Student: 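Quick one: this structure, given as structure tokens, is what I'll be asking you about.
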Amino acid sequence: MAQKPSIPKGTRDFSAQEVNKRHYIINTIKNQFTKFGFQPIETPSFENYDTLMGKYGEEGDRLIFKILNSGDFLKKVNPNDIKSENTLAITPKIAEKALRYDLTVPFARYVVQHQNELDFPFKRYQIQPVWRADRPQKGRFREFYQCDADVVGSQSLWQEVEFVQLYDEVFTQLKLEGVQIKINNRKILSGFAEIIGQSDKLIDFTVALDKLDKIGEEAVIEEMKAKGITAQAIDTIQPIFNLKGDFSEQIASLKNILLASKSGLEGLQELEFIQQAIENMPLKTAKLTLDVTLARGLNYYTGAIFEIAAPPQVKMGSIGGGGRYDDLTGIFGLKNMSGVGISFGLDRIYLVLEELKLFPKKTDAQTQVIFINFGHQEALYAMQAIRLLRDEGVAAELYPDEAKMKKQMNYANKRAIPFVVLAGSKEMQKEQFTLKNMMTGEQNNVNLQELKKLVKA
RNA sequence: GUGGUUGUAGCUCAGUUGGUUAGAGCGCCUGAUUGUGGUUCAGGAGGUCGUCGGUUCGAGACCGAUCUUCCACCCCA
């Protein structure tokens with residue numbers, strides 16, 4: 001116990017069953033990505049320090065795992081910085097690489113770096129782990145998978161429409177019903193800030209607004225005041241705390257509030273476009289809702305913002321998110337390249353499916369038949385049959401050791417292998433096999449042809 | 001980064017105000033059953049009580065540090 005090895009905080013090992021279930025989710029997502037015309041790419045697990053730093057705000061920078069240089073990494077550091085414990089100055093000197101924090105920024109880097117080889121609009125998907133030096137919690141890990149799909153090089157709102165459909169399709173396939181696709185638009189949030197004459201406090205304003213359904217109206221107002229937003233300004237936009245009605249009714253009331261804001265009205269128009277399209281092509285199981293309090297931390301969104309809420313009966317943070325960013329590649333020197341993308345949080349979706357018992361019983365193929373090992377001659381006889389079964393696509397194996405029958409049977413039972421073949425000298429003489437069905441316990445003497453047929457069924 | 005919480009056998013957990021050799025259920029191994037798993041019965045193995053240090057005649061229990069778990073905040077998938 002004491003001397004046993006361990007793994008770092010916030011990381012996990014996955015058993016065979018868990019991996020199979022994860023593959024089930026990944027395959028579902030991948031199939032839909034492909035159907036919607038996205039191409040797979042992969043990027044390295046670590047990037048240059050400068051590629052990642054400064055892209056996620058101060059909080060994000062703190063959560064990026066930095067990789068210590070190899071060799072005499074202290075040589076490049078100014079000794080005065082070490083003496084004065086100037087961490088900020090030392091870090092970029094001793095860590096020139098860092099683990100990726102998400103898939104979007106590496107994707108932007110990829111697009112800029114390969115711009116001459118890509119055909120725009122470029123649609124890519126990417127399913128890889130990311131790392132964050134966060135404190136673990138329910139559904140929060142330090143290593144987790146993101147499944148991203150993005151389009152760059154198109155300003156068309158049809159992309160947003162398609163992403164809503166893509167979300168709906170994936171969760172429908174996963175039998176996860178009642179998922180809420182919350183949508184908002186950064187331009188509406190800017191519009192609010194504009195109306196109250198405090199555009200400089202946009203971030204503070206949205207961060208506070210984002211907490212509305214969690215801490216309530218009063219606490220939100222409290223926080224806004226604490227951030228220096230005037231009571232008068234808050235009064236002006238008070239109505240947004242209590243928006244009523246369905247999607248289009250909310251749009252109508254917002255139009256009144258945002259009358260004086262050009263960008264606000266633009267944002268509303270975009271939302272209307274998406275909503276009307278979806279109305280004409282109803283979603284299968286998900287629900288599209290307008291949520292003006294939806295802010296999402298990432299600074300780079302400029303248009304639509306998505307967030308996916310799990311069905312209300314499970315307590316879980318968002319299981320996906322995304323949005324439009326007009327200038328993501330700008331930070332790497334490629335201007336005028338509008339992009340929009342979404343992400344699925346694999347690990348959280350897993351927890352939700354587990355809690356709601358939505359995983360199919362058989363998430364993956366497993367061994368269908370195992371042959372008892374009676375000795376060298378018998379094993380050879382078994383192996384010949386196994387090879388033919390494998391050619392037919394049947395997962396078959398031989399118990400490797402000449403162990404006691406009871407032990408071999410027990411092993412088959414534990415692994416829930418549905419068929420066991422007993423082929424000893426008796427069977428070999430008649431070129432037969434004794435096939436035992438482990439579910440029913442019944443046993444039959446069959447030839448190879450019949451064996452294939454029975455095991456496959 | 002802030003505050004709280006958890007750790008005893010492979011797993012789930014008991015363990016009294018600090019006092020002999022730290023227990024249970026499940027699982028595991030062996031046998032009853034030399035070509036038959038699940039059920040039953042009998043027997044058995046397995047723990048430096050997360051780690052390091054301290055208090056004490058004596059620590060699984062008390063104190064400190066550290067690691068880990070889970071939770072809230074922050075932030076986020």
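These numbers come from a predicted model, not from an experiment.
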Student: At under 4.0 Å between heavy atoms, what does A:Leu422 touch on the DNA or RNA strands: base, sugar-phosphate, or nothing?
Tutor: base
Student: Any N or O donor-acceptor pair linking the side chain of A:Gln408 to the base of B:U36 at under 3.5 Å?
Tutor: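 Donor-acceptor pair under 3.5 Å: no.
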Student: Suppose we screen for side-chain hydrogen bond (donor to acceptor under 3.5 Å, both in side chains). Which residues come up paired with A:Lys456, at least two apart in sequence or across chains?
Tutor: A:Glu392
Student: With sequence neighbours excluded, give me every ring pair (Phe, Tyr, Trp, His ring centres under 6.0 Å) pair touching residues 399-442 of chain A.
Tutor: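 Ring pair (Phe, Tyr, Trp, His ring centres under 6.0 Å) check on residues 399-442 of chain A returns A:Tyr381-A:Phe433, A:Tyr399-A:Tyr411.
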Student: Given the C1' atoms of B:C62 and B:U17, what is the spacing between them in whole Å?
Tutor: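 These two C1' atoms come out 12 Å apart once rounded.
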Student: Give A:Gly441 one of three labels, base, sugar-phosphate or nothing, depending on what nucleic acid heavy atoms sit under 4.0 Å from its own.
Tutor: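 Base contact.
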Student: Under the side-chain hydrogen bond (donor to acceptor under 3.5 Å, both in side chains) rule, collect the residues that match up with A:Lys211, sequence neighbours excluded.
Tutor: A:Glu223
Student: Quick one: ring pair (Phe, Tyr, Trp, His ring centres under 6.0 Å) pairs with a partner in residues 338-358 of chain A, sequence neighbours left out?
Tutor: A:Phe33-A:Phe344, A:Tyr167-A:Phe344, A:Phe171-A:Phe344, A:Tyr350-A:Phe359
Student: I'd like to know if A:Asn410 reaches the base of B:G37 with its side chain, counting only an N/O donor and acceptor under 3.5 Å.
Tutor: no
Student: Roughly how far apart, to the nearest Å, are B:G31 and B:G37 at atom P?
Tutor: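 To the nearest whole Å, 12 Å.
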Student: By ring pair (Phe, Tyr, Trp, His ring centres under 6.0 Å), which residues pair with A:Tyr145, not counting sequence neighbours?
Tutor: none
Student: Starting from Watson-Crick (N1-N3 plus N6-O4 or O6-N4) and G-U wobble pairs under 3.5 Å, report the runs of at least three that RNA chain B belongs to.
Tutor: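 RNA chain B stems, ordered by first number: B:1-4 with B:70-73, B:10-13 with B:23-26, B:28-32 with B:40-44, B:50-54 with B:62-66.
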Student: Closest nucleotide of RNA chain B for A:Ser343 versus for A:Phe374: which of these residues is on the 5' side?
Tutor: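 So the residue in question is A:Phe374.
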Student: Could you tell me whether the side chain of A:Lys9 has a donor or acceptor atom within less than 3.5 Å of a complementary atom in the base of B:U68?
Tutor: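 Counting by modelled atom types and ignoring angles, no donor-acceptor contact under 3.5 Å is found here.
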Student: Go through the structure and list residues passing ring pair (Phe, Tyr, Trp, His ring centres under 6.0 Å) with A:Phe163, not counting sequence neighbours.
Tutor: A:Phe38
Student: Could A:Asp347 and A:Arg12 be called an ion pair, given the rule that one side-chain N must be under 4.0 Å from one carboxylate O?
Tutor: yes
Student: Show the atom names and distances, to 0.1 Å, of all donor-acceptor pairs under 3.5 Å that link a side chain in residues 320-329 of chain A to residues at least two apart or in another chain.
Tutor:
| unit_1 | atom_1 | unit_2 | atom_2 | d |
| --- | --- | --- | --- | --- |
| A:Arg324 | NE | A:Glu160 | OE2 | 2.6 |
| A:Arg324 | NH1 | A:Ser154 | O | 2.9 |
| A:Arg324 | NH1 | A:Ser338 | OG | 2.7 |
| A:Arg324 | NH2 | A:Ser156 | O | 3.1 |
| A:Arg324 | NH2 | A:Glu160 | OE1 | 3.0 |
| A:Arg324 | NH2 | A:Glu160 | OE2 | 3.4 |
| A:Tyr325 | OH | A:Asp150 | OD2 | 2.5 |
| A:Asp326 | OD1 | A:Ser338 | OG | 2.7 |
| A:Asp326 | OD2 | A:Thr302 | OG1 | 3.2 |
| A:Thr329 | OG1 | A:Leu334 | O | 2.7 |

Student: Encode nucleotides 40-46 of chain B as B, S and - characters from 5' to 3', where the letter depends on protein heavy atoms closer than 4.0 Å: B to the base, S only to sugar-phosphate, - to neither.
Tutor: -------
